[in-house]
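Step one of this worksheet: look at the structure below.
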Amino acid sequence: VLILVNTTPFDQLLSGAARLGVPDILVATASFMYRYQFVLLDELARMSRAREARTFRSGWLRETFAAARLIGPLLVRAFERSERVHRAMLARGFTGQVRTLDSV
């Protein structure tokens, strides 16, 4: 499985899973998770950079607590972004099935 995952592009893995009978909702969810993980990591890096610009380093314990306090706002931002993306997708006619250029 590791060789397959490391050598096959993710979109081909998802289309193969769909052809094997994995429900469309799971394929769509995995597709969106993969797509937006990079957006969330970028948002986390931006929030961390802003926190470092506002605070002084005062020990590893305080830095650990400060980093842990970023998780809540990150989840709130992710939830708000997911609502905006969902509304935009519905406005563009999303029916629940992910279409790729290969499936057109």
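Computed over heavy atoms, backbone and side chain alike; hydrogens, waters and symmetry mates excluded.
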* Passes side-chain contact (heavy atoms from CB on, under 4.5 Å), L13 versus L4? Steps please. -> CA-CA 9 Å; L13 285 174; L4 176 70; 3.9 Å; yes
Donor-acceptor contact present, side-chain [X] to main-chain [Y], <3.5 Å:
| X | Y | result |
| --- | --- | --- |
| S31 | V27 | no |
| D42 | F38 | no |
| T8 | V5 | no |

Gap between atom [atom2] of [Y] and atom [atom1] of [X] - 0.5 Å precision:
| X | Y | atom1 | atom2 | result |
| --- | --- | --- | --- | --- |
| T95 | M89 | OG1 | CE | 9.0 Å |
| R69 | L74 | CZ | CG | 15.0 Å |
| L44 | R49 | CG | CZ | 10.5 Å |

* Asked: Where does the angle between the aromatic ring planes of F94 and F32 fall among parallel (under 30°), tilted (30 to 60°) and perpendicular (over 60°)?
  -> perpendicular
Any link between [X] and [Y] through a network of hydrophobic side chains (Ile, Leu, Val, Met, Phe, Trp, Tyr) touching at under 4.5 Å?
| X | Y | answer |
| --- | --- | --- |
| F10 | V22 | yes |
| L75 | Y36 | no |
| L2 | L14 | no |
| L70 | L41 | no |

Within a 6.0 Å radius of atom [atom1] on [X], are there more than 12 heavy atoms belonging to other residues, nucleotides or ligands?
| X | atom1 | answer |
| --- | --- | --- |
| I3 | CD1 | no |
| L26 | CG | yes |
| R46 | CZ | yes |

* **Other cluster members, F79 - Ile/Leu/Val/Met/Phe/Trp/Tyr, side-chain contacts below 4.5 Å** => none
* Sequence-distant partners of R77, salt bridge (Lys or Arg N to Asp or Glu O under 4.0 Å), two or more places apart -> E43
* List the steps, then state whether side-chain contact (heavy atoms from CB on, under 4.5 Å) holds for M47 with R51. => CA-CA 6 Å; M47 290 172 67; R51 181 189 56 83; over 6 Å; no
* Asked: Are any non-hydrogen side-chain atoms of S82 and V85 less than 4.5 angstrom apart?
  -> no
